[in-house]
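Encoded as structure tokens, the structure appears first; notes follow it.
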2 protein chains.
Amino acid sequence: MATKNAYCDCLETIKPVRDALDVISGKWKLPIIISVGVGNARFTDIQDSIPGITPKVLAKELKELEQHKLVKRIITDGYPVRISYKLEVYADTLTPIIYSLKDWGVNHRKKIIQKE
Amino acid sequence: MATKNAYCDCLETIKPVRDALDVISGKWKLPIIISVGVGNARFTDIQDSIPGITPKVLAKELKELEQHKLVKRIITDGYPVRISYKLEVYADTLTPIIYSLKDWGVNHRKKIIQKE
DNA sequence: TTTTTCACTTTCCTTCGGGAAAGTGCTATA
DNA sequence: TATAGCACTTTCCCGAAGGAAAGTGAAAAA
């Protein structure tokens, strides 16, 4: 009985975790969400706030985040047309994930430094 | 003032999140940890519990998880030498991440189904 | 008039993740 | 004796991720 349950619980957890990973995994998506969430709204500001990201990658990732309804692109008409990025309300649902990853990362770094 | 803080908070969050992503991102690492955590200890049991994984990928990912001290490989001598996998205690620290991803994934699927 | 800024795009190239399929050396089972 | 299972390894291959560097078109600033 315990054997069967093990297999079941396993898939019940793996499936939604994989759904989540499909949307937010990768090197850049969460860093971009964090940066935009904290107030960086302009392309170059976001770029400057994330060490190592190139404009090509940033443009591509922003498009994907738009498609997933996590970020919105706002065009403000004017003599220079201004473009800014904001988080959709839906992106707030990622907060628990971001904080659990942050806490784990802080702790993991401590563990690594201790050992080596 | 708020402007400067935005930039600072941003890096303070991005850095540990990226440390965490370096260890656990990718398609297979968390599914493997979930499967082993639930009691699957043999190579083929783990393989069978994760839809789509190939033995090559499973072997590679298990090695990386060993190196990160998240999984241990146990060799039991005997006439057929038995190999089993278990989670290190340290892997328990991933539980909050796994549950926040699971919850988000469940909810996300609901959202997608509603819309389409 | 020249330079700079903004928000990207384009091109080229390398690396990495990962799939398919077969093989391996051993043992257990029929 | 032949087949199946276990725990992988090996080979080949492909597409996506992602880096470097330059370009682009408009407008603002010097």
Side-chain angles (χ1 to χ4, degrees), chain A residues 3 7 14 17-33 35-36 39-68 70-87, chain B residues 3 7 14 17-33 35-36 39-68 70-87:
Chain A
T3 324
Y7 182 74
I14 285 175
V17 166
R18 290 198 52 175
D19 288 342
L21 289 174
D22 286 343
V23 178
I24 58 154
S25 87
K27 200 172 172 182
W28 303 112
K29 292 215 176 54
L30 286 179
I32 291 167
I33 287 169
S35 174
V36 175
N40 291 307
R42 315 290 304 276
F43 192 90
T44 35
D45 289 345
I46 301 168
Q47 196 185 326
D48 293 344
S49 72
I50 301 170
I53 201 167
T54 60
K56 186 185 90 170
V57 170
L58 180 55
K60 198 203 76 185
E61 299 282 307
L62 281 170
K63 274 174 202 158
E64 289 176 21
L65 291 171
E66 268 191 89
Q67 282 164 15
H68 286 303
L70 290 169
V71 163
K72 60 186 160 203
R73 188 177 189 264
I74 301 157
I75 303 161
T76 311
D77 290 332
Y79 283 106
V81 177
R82 292 282 173 184
I83 288 160
S84 59
Y85 295 92
K86 286 211 167 181
L87 293 188
Chain B
T3 324
Y7 181 74
I14 285 174
V17 166
R18 290 200 47 177
D19 288 341
L21 289 174
D22 287 343
V23 177
I24 59 153
S25 86
K27 200 170 170 183
W28 303 113
K29 294 214 174 55
L30 288 179
I32 292 167
I33 287 170
S35 174
V36 176
N40 291 307
R42 315 290 304 277
F43 191 90
T44 36
D45 289 345
I46 301 168
Q47 196 186 325
D48 293 345
S49 72
I50 301 171
I53 200 164
T54 60
K56 186 186 90 170
V57 169
L58 179 55
K60 200 202 73 186
E61 300 281 308
L62 282 170
K63 274 176 202 157
E64 289 176 22
L65 290 171
E66 267 191 273
Q67 283 164 13
H68 287 302
L70 291 168
V71 162
K72 60 185 163 207
R73 187 176 190 266
I74 301 155
I75 303 160
T76 311
D77 290 334
Y79 283 106
V81 177
R82 292 283 173 183
I83 289 160
S84 58
Y85 296 92
K86 286 212 167 180
L87 293 189

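On a predicted model such as this, the values are computed, not experimentally measured, just so you know. Proteins come first, then strands; the chains are lettered A, B, ... in the order of their sequence lines, and each starts at number 1.
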Q) Where along nucleotides 21-30 of chain C does protein come under 4.0 Å, by heavy atom, of base (B) or sugar-phosphate alone (S), with - for untouched nucleotides? A) ------SS--
Q) Counting just side-chain N and O atoms, does A:Tyr85 come under 4.0 Å of either OP1 or OP2 of C:dC8? A) yes
Q. Which value, rounded to the nearest 0.5 Å, describes the distance between A:Ile74 atom CD1 and A:Tyr85 atom OH?
A. 10.0 Å
Q | Closest heavy-atom pair and its distance - B:Leu21, A:Lys27 | A | CD1-O, 4.5 Å
Q: Rounded off to whole Å, could you give me the CG-to-P distance for the B:Asp45 and D:dA7 pair?
A: 8 Å
Q.
Nearest whole Å is fine: how far is C:dA7 C1' from A:Ile75 CD1?
A. 12 Å
Q. Rounded to the nearest 0.5 Å, how far does CD1 of A:Ile33 lie from CH2 of A:Trp28?
A. 14.5 Å
Q: Any chance you could measure A:Ile24, atom CD1, to A:Asp19, atom CG, to the nearest 0.5 Å?
A: 11.5 Å
Q. B:Leu58 CG to C:dG19 C1': how many Å, rounded?
A. 14 Å
Q.
Tell me whether the side-chain N/O atoms of A:Arg42 come closer than 4.0 Å to OP1 or OP2 in C:dC6.
A. no
Q: Give a yes-or-no answer on whether the side chains of A:Ser25 and B:Ser25 include a donor-acceptor pair shorter than 3.5 Å.
A: no
Q.
Ignoring hydrogens, what is the shortest heavy-atom contact between B:Ile32 and B:Leu62? Give both atom names and the distance.
A. CG2-CD2, 3.9 Å
Q. Is the shortest heavy-atom distance from the side chain of B:Val23 to the side chain of B:Leu70 under 4.5 Å?
A. yes
**Q.** Whole angstrom value for the distance that separates P of D:dG5 from CG of B:Asp48
**A.** 11 Å
Q.
In this structure, how many angstroms lie between the C1' atom of D:dG19 and the CD1 atom of A:Ile53, rounded?
A. 12 Å
Q. Quick one: on DNA chain C, does A:Lys63 or B:Gly52 contact a more 5' nucleotide (nearest heavy atom)?
A. A:Lys63
Q. Is there a residue in residues 18-30 of chain A whose heavy atoms reach under 4.0 Å of DNA chain C, and which residues are they?
A. none
Q: Write down the distance between CD1 (B:Ile46) and P (D:dC8), rounded to a whole number of angstrom.
A: 9 Å
Q) Within the structure shown, what part of the strands sits under 4.0 Å from B:Glu64 by heavy-atom distance: base, sugar-phosphate, or nothing? A) nothing
Q) Between atom CD in A:Gln47 and atom P in C:dA7, what is the gap in whole Å? A) 10 Å
Q) Is any side-chain heavy atom of B:Lys29 closer than 4.5 Å to a side-chain heavy atom of B:Glu64? A) yes
Q | Gap between atom CZ of B:Arg82 and atom CD1 of B:Ile75 - 0.5 Å precision | A | 14.0 Å
Q.
Distance check needed: C:dC8 P versus A:Glu61 CD, whole Å only.
A. 14 Å
Q: Return the nearest nucleotide to the side chain of A:Arg73; candidates are D:dC8, C:dC8, C:dA7.
A: C:dC8
